[in-house]
Structure formats: structure tokens, C-alpha cells
Amino acid sequence: MTTAGISFGQNKIQYPQTKKGETVDVYFDTKVNDPYRWLEDDKSAETGAWVKAQNEVTYGYLDKIPFRDELKKRMEKLWNYEKISAPYVEGKFTYYSKNNGLQNQSVVYRKGQDGKEEVFLDPNTFSKDGTTSLGGLDFSKDGNKAAYAISEGGSDWRKVIIIDALSKKVLEDTLVDVKFSGISWHGNEGFYYSSYEKPKGSELSAKTDQHKLYFHKLGTSQKDDKVIFGADQKRRYVGGYVTEDDRYLVISAANSTYGNELYIKDLTVANSPIITIVDNFNSDNQIIANEGSKLFIETDFKAPNKRVVSVDFSNPKPENWKDFIKETSDILSPSTGAGFFFANYTKDAVSFVQQFDYNGKLVREIKLPAVGTAGGFGGKKHDKIVYYSFTNYTTPGTIYSFEPKSGKSEIYQKPKVDFKSEDYESKQVFYTSKDGTKIPMIITYKKGLKLNGKNPTILYAYGGFNISLTPSFSIANAVWMENGGVYAVANLRGGGEYGKKWHDAGTKLQKQNVFDDFIAAGEYLIAQKYTSSDFLAIRGGSNGGLLVGATMTQRPDLMKVALPAVGVMDMLRYHTFTAGAGWAYDYGTAQDSKEMFEYLKGYSPVHNVKKGVQYPATMVTTGDHDDRVVPAHSFKFAAELQDKQTGPNPVLIRIDVKAGHGAGKSVAATIQENVDIQAFTLYNMGFKALPKK
């Protein structure tokens, strides 16, 4: 493969020459060139050679950064602490996961009634290089059998292995080609799972759009597994789970990432019909508990901030729903455990939690340790204790045990991290976006920060799919702040921080609001002298990668560094890969209408890189096994930038091999990626050594 030499002052980067093809698509009489279409073929030797050549250039550049090794040593030292999950009981054992610090994957342990600890599952033994991870674990009703899913190389495709939980011996053949699926046992006889037909062509990029729910009966072959739902109804996402009392099968079916049909089946009656509860995609609905035939449903139907309703199985249609936990001005995320309901509310992107009994009566508000994010509060109905985690940008995730009857809360597991939380502070601000909307942002930094415009700053956001960014601790961010960095997280429209209206305000023909909110966040940080354009980096992943791509092409002057990760970069073709068509609620598609096509083309990062523009120093990151947002998005964007970049700023693409969208990535790979991102960022802000602490 030939290289194109581009001189950057004293540095000369030889980029791989990316050939241009002749592909042209026509949308509503408009011709659109797609010269890098060939990079969509993830199976071709040509694409493989391009990936190898790009990585050689990228790692050649990163290897020359003088403080990269020092940064890695500190990151590893800080990362090296024991991490333990909340425990849960299955059969005669208490299970929990633990990582001694730098293990690539966390290990599942258990204790019997004698209190002796033993390894139950060690995912570090699944593959030599730590790239095979545990993707789910579920137990039969009596706890004597288990099924666990594994992901190889970060793929969304899973294998399911069935074992005798007591002896840990494999019971039967492995289930294959399982995707976007839970595992939910019915009694001890088998379990429900979901999957697609294996696509023709590449399993990493070919479209998958008919999801089916299956039942696997123990002792039978996977080819004989019965389709429960999805054979006659074509749905893109189908999930099924059994209620805790084994009485009902609940089925959710959807065509997009928002809005689902809801069905239920009585498992105590042979050949009982599947009953429809919700027959449209206009709301999000899920059954979170039942008491006999009384069902409790979390929904945003007629409640954009969510509520919990109750209804009897005999007549479960929405017209019979009664408020159980009413909608409020804050965003509800409910859970159940130990015979109670826990209403976890988000108010301005931070948590507060209320406890209710099964009559809908408020028991108490649970006092949290500080301002931040609480999660958990789930468990079985007969548990005596529930566990919850608490974290914020300066507090490592700590697990608390909580007695719902007395309201007593105490620390169960506090991590020992070599980081002085008390030396750092977070400040929430509300800044004004282009159209006057107030947007919250939390800025975290070392106490005593000088507002002189010279602080290296990472601005992070997501802005989509009803997902809320709430405060959480990160070792990588801790290292960044130790080195004098500011870490700012903006809660843009398109997210879930203020409910459905906030989400919808950042979708389809309103998507530009999200980019405007992000740009305004950067302008605020500069105006308040936290940083300046020479010291500002923008970062985001997946939909957040799109955010970074769109923002850097619209306002290349705003930031010094751009860090788009696993981004959706080709907005005209995203829906043609894997499950991409399911994102149409947020994005719309180029086929919807001429107006939608033109709007998408107007911000699509791949289509808005222009010749003669100086773009910021950019490091695109992706994984060659990403079958959620296929790496072709990142490949094409990097090729466009390398072809058209003007001026001295480097444009690199860092492609993790045997890695996917992010889930299950090994600790070693995660550390190295964060080191490379921070080293690249500081180096391009002019630092020749780590900033003095």
C-alpha cells in the first residue's frame, strides 16, 4: 500500500494512501459520491491491509510521545485495586464478582453455607488474550443449573453454555448465534432467549432485522428450540423474561430503540395464548413486578417522565391502568427487592431515591451519602437486604447494604483507590444554548484551579437515545485531573435527563439542537476561562462519536483535539448495517423523505469534511469487531479527513483488533486505549511532559 506524505512542521506523517472508488448513490435526484464504499467490506484482504497500515502509522506516532510510558504506569497503579460486586443468592450459594485490580476480566466467585470462597467462573480462562468476556449469567429456579453467555472479540453475537451449577460441568452442546438477548429460566426445565437468523455475508456488518424469542428445553438440540414470538410478527428487537414467581412470561417487541409492544402469557396454564397489553410503539413499557395476578408496569404512556401503574392480568389493557407511583417533575427509574419498590429519580442529572410498599405507600426517602448517582436497589422479593452503589466524579463506586424494614444503610464494600477525592471538586452549572435552552453541565477539577484559559480540558457528552449521563467515577478521568486536567460533562438534549420531551428535542429534524448544545458547552468553558480553544478536547462514543464528528466539522476552530470513538459517521447508510435500522426513531433515514435526506446529509460527518479546512488534531478510535456501529463509519471518516486536512494537525485512526463496541473489553486494552487518548490529547496541546501536579 502506498503512502501519502504530508508535512506537519517538523513532523512528517506518512498516511496510507486510501484509494477512491467510483460509487455514486442517488437520493431524491441528488447524486452522492461514496468513494470509500470498499472499506465497508470488513472481510476483504484490502480492508485488512488498510487497517494494518493505519495502525502502523498511528502507533508509530504514539510511540514517539515522550510521556506515554509514564502515563501508563500511573494509570495501571491507580487501576490496580480490588473491585467487588454486590452479592446475590442462588440456591445454596451466594455469588459475586471480583477483580483483583488488573485482571482482564472479573471473576465470578461463590460461597456456600460453610463460608468458603471458591471460583465459579473465570472468564480470564476463556481466551489467552483476554478478548472473550462473560456476557450474561442466569440460574434455574432451584439454583442447581446455570446458563452463561460469552462474547468473543467484543462481538454482539453470543454463545450460551449450560452447566450443572453444583459440579460446574457442562451439560450439553453450546447454543450459538444468540444476539441482543437475556437468559430467563422457566423453573428448572429450560430458558428463553432471543436471536436473529445468521445473516448471509459478514456477521459483523450484514443487516439483522427479524428478532425471535425461543425456548430452549434442557437436553434437546438447539435446532429443535421452539419459536415463541417473532415468526409471524417481524420485529427488530424481541425480549422475553419470566416473572419471579414463575407464573408469567412477559414479551417486549420493538422496531426502534424507543417504543415497544407488551405481551404476557400465563405459564401455569398449558397452551395458554399470548395476550396483548400494549399494541403499538408509541410508549416504553415493561412489567417490573407482580403480586399474584396484579401486574406492576413501568411506562411513559401519558407520563413523559415515567410512572408505575397497576392492573390485573384478567384485563391488562392501558384503559384499565391505575397509577401506583405517579409521574412527577423528575425522571423515574423504578426497581423492586425485599418486598418493596424503589423509585430512583433523576433531578438535574443526579439521584434521589424513595421507598414504597406494595400498597403504593411512601415508606421513606433514602438518604444518600452525597450528591451523585445511586444504582441497584434490586433483588428477590424474599431478600432481607438490598444493595445499592453510589458514585460521583470524585468518589469511586461504593456498595452499600440497605435494610428496607429499618431503613438502615451501611458500607458493604469501599474500594481502596490511590486517589485523594477530597482534593477535587465538582460544580454544576447551567449554560444557555443557541436557542435559549438552559443545559446542565458538571465540571470537575482539582481544588484551587486557576481560571486562566490554559487548563487542558476534556468536554464529554452523548445526547441521544434517551440515555442520561449521571456522575460516575473513572480511573482514566482521575488520572486526567491529577495531571491538571478539567473534565466536563454536558447533559445535552436527546438524552433522558429530563424525560421524553428532552429526548425528542434532540431527534430527527431537531438533531442540530444536540450539536448546538455541545458547541455552547465549549463556548461556556472558554468564556469562563476554564480553558481556551488551544486546550479544549471534545470526546464522545457511539452516538457521542457522531456528536464529536458533527461538531468538529461544523466548528473546527472551537477545539484543539477531537476524539470520536466508535461513532455513527455515515448518516445516509447507517441503517443498512447490522441493527442500525433500529436507530431511526432518533435519526430518521435518508429514505424517509427529501427533507430528511437533506437534513441528514447536512450534518453527516463523512459528508461534511471539506478541502482547505484546518481540522483539530483528531484520533478516531474503533474496534475491528464492532458489530453495533460497524467500523466502516470510522474508516470512511478518517479517510476523508486524511485526504482533505489542511495544516499541521494530525489525523489518526486507532483500530483495536479483536475488539467490539466496548463491552467486555479487557482491562489491559482499556488502560492502553485511555493512555493513548490522553497522551495524544496533551501532546497536541503542546505538552512535552506531563503537566506538573
Side-chain angles (χ1 to χ4, degrees), residues 81-101 103 105-126 133-150 160-171 182-188 191 241-246 288-289 335-342 355 366 374-391 396-416 664:
Y81 69 93
E82 189 177 68
K83 304 157 190 78
I84 300 176
S85 75
Y88 57 96
V89 175
E90 296 289 351
K92 295 174 182 171
F93 293 91
T94 299
Y95 291 84
Y96 51 95
S97 63
K98 186 164 68 172
N99 189 308
N100 65 19
Q103 286 174 291
Q105 306 289 343
S106 293
V107 179
V108 182
Y109 289 85
R110 71 179 177 190
K111 285 180 182 173
Q113 286 157 340
D114 58 4
K116 278 171 69 176
E117 181 179 81
E118 67 169 329
V119 172
F120 179 65
L121 276 179
D122 183 359
N124 298 293
T125 64
F126 293 173
S133 60
L134 183 64
L137 169 64
D138 208 72
F139 291 83
S140 60
K141 197 74 182 162
D142 60 11
N144 291 344
K145 298 181 186 72
Y148 65 93
I150 63 169
V160 176
I161 298 156
I162 302 152
I163 61 172
D164 180 308
L166 305 180
S167 67
K168 296 181 267 187
K169 285 185 176 155
V170 174
L171 289 174
I183 299 167
S184 187
W185 285 78
H186 179 216
N188 307 310
F191 53 85
Y241 54 97
V242 179
T243 54
E244 190 184 329
D245 60 4
D246 241 17
I288 58 169
S335 59
T336 63
F340 292 92
F341 287 80
F342 297 92
Q355 177 186 345
I366 296 166
F377 293 104
K380 294 181 177 165
K381 202 166 184 179
H382 299 297
D383 289 346
K384 298 285 185 282
I385 290 174
V386 295
Y387 296 86
Y388 69 93
S389 61
F390 180 82
T391 183
T398 301
I399 297 173
Y400 291 79
S401 64
F402 178 74
E403 288 181 3
K405 290 223 164 123
S406 66
K408 186 181 170 191
S409 198
E410 56 186 36
I411 290 174
Y412 173 76
Q413 199 266 338
K414 185 176 184 177
K416 296 177 178 68

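The chain is numbered in sequence order, starting from 1.
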**Student:** State which residues pass side-chain hydrogen bond (donor to acceptor under 3.5 Å, both in side chains) with S184; sequence neighbours excluded, sorted by chain then number.
**Tutor:** none
**Student:** Return yes when atom NZ of K384 has more than 12 non-hydrogen atoms of other residues, nucleotides or ligands closer than 6.0 Å, and no otherwise.
**Tutor:** no
**Student:** How far does CD of Q413 sit from OG1 of T398, to the nearest 0.5 angstrom?
**Tutor:** 7.5 Å
**Student:** If you look at every heavy atom in A338 and V386, which pair is closest and at what distance?
**Tutor:** CB-CG1, 3.9 Å
**Student:** Okay, side chain of D138, backbone of G182: is any donor-acceptor separation there less than 3.5 Å?
**Tutor:** no
**Student:** Give a yes/no verdict on a cation-pi contact between K111 and Y109, requiring under 6.0 Å between NZ or CZ and the six-membered ring centre and an angle within 45° of the axis.
**Tutor:** no
**Student:** Quick test of your reading of the model: are E118 and K116 salt-bridged, counting only N-O distances below 4.0 Å?
**Tutor:** no
**Student:** With rounding to the nearest 0.5 angstrom, report the CG to OG distance, L121 to S97.
**Tutor:** 11.0 Å
**Student:** I'd like to know if the side chain of D246 and the backbone of H186 have a donor-acceptor N/O pair within less than 3.5 Å.
**Tutor:** no
**Student:** With a 4.5 Å limit on heavy-atom distance, are the side chains of Q355 and I366 in contact?
**Tutor:** yes
**Student:** Taking only residues two or more places apart in sequence, or in another chain, which ones meet K380 in a side-chain hydrogen bond (donor to acceptor under 3.5 Å, both in side chains)?
**Tutor:** E90
**Student:** Taking all atoms of both residues into account, what is the closest heavy-atom pair of G143 and A165, and its distance?
**Tutor:** O-CB, 3.5 Å
**Student:** Heavy-atom distance under 4.5 Å between the side chains of E117 and K98, does that happen here?
**Tutor:** yes
**Student:** Between P396 and P415, what is the shortest heavy-atom contact and its length?
**Tutor:** CB-CG, 3.7 Å
**Student:** Would you check if V242 and F191 make a side-chain contact, meaning some heavy-atom pair closer than 4.5 Å?
**Tutor:** no
**Student:** Can a donor-acceptor pair be found between the side chains of Y388 and S409 at a distance below 3.5 Å?
**Tutor:** yes
**Student:** Are any of the side-chain heavy atoms of S335 and I288 separated by less than 4.5 Å?
**Tutor:** no
**Student:** For the residue pair F126 and Y148, does the interplanar ring angle fall in the parallel (under 30°), tilted (30 to 60°) or perpendicular (over 60°) class?
**Tutor:** parallel
**Student:** To the nearest 0.5 Å, what is the distance between CG on L171 and CG on D164?
**Tutor:** 5.5 Å
**Student:** Decide yes or no for F342 and F402: does some side-chain heavy atom of the first lie under 4.5 Å from some side-chain heavy atom of the second?
**Tutor:** yes
**Student:** Quick check: does any side chain N or O of K168 sit under 3.5 Å from a backbone N or O of V119, one acting as donor and the other as acceptor?
**Tutor:** yes
**Student:** Please round to the nearest 0.5 Å and tell me the distance separating atom CD1 of I161 and atom CG of L137.
**Tutor:** 11.0 Å
**Student:** Where is the tightest heavy-atom contact between A147 and I183, given as atom of each residue plus distance?
**Tutor:** O-CD1, 3.7 Å
**Student:** Quick check: closest heavy atoms across N99 and Q103, and the distance to 0.1 Å?
**Tutor:** ND2-O, 2.9 Å
**Student:** Just by modelled atom types, is the Y412 backbone N or O under 3.5 Å from a matching donor or acceptor in the S401 side chain?
**Tutor:** no
**Student:** Are I385 and E403 side-chain neighbours, meaning at least one heavy-atom pair lies under 4.5 Å?
**Tutor:** yes
**Student:** So among W185, Y95, F93, which one has a ring-ring contact (aromatic ring centres under 6.0 Å, His included) with F139?
**Tutor:** Y95
**Student:** Taking the side chain as every heavy atom from C-beta outward, state whether I84 and I399 have any pair of such atoms under 4.5 Å apart.
**Tutor:** no
**Student:** Compare all side-chain heavy atoms of D383 with those of Y88 and state whether any distance is below 4.5 angstrom.
**Tutor:** no
**Student:** Are the side chain of K83 and the backbone of Y81 linked by a donor-acceptor contact shorter than 3.5 Å?
**Tutor:** yes
**Student:** Show the numbers, then the answer: is there a side-chain contact (heavy atoms from CB on, under 4.5 Å) between N144 and N188?
**Tutor:** CA-CA 8 Å; N144 291 344; N188 307 310; over 6 Å; no
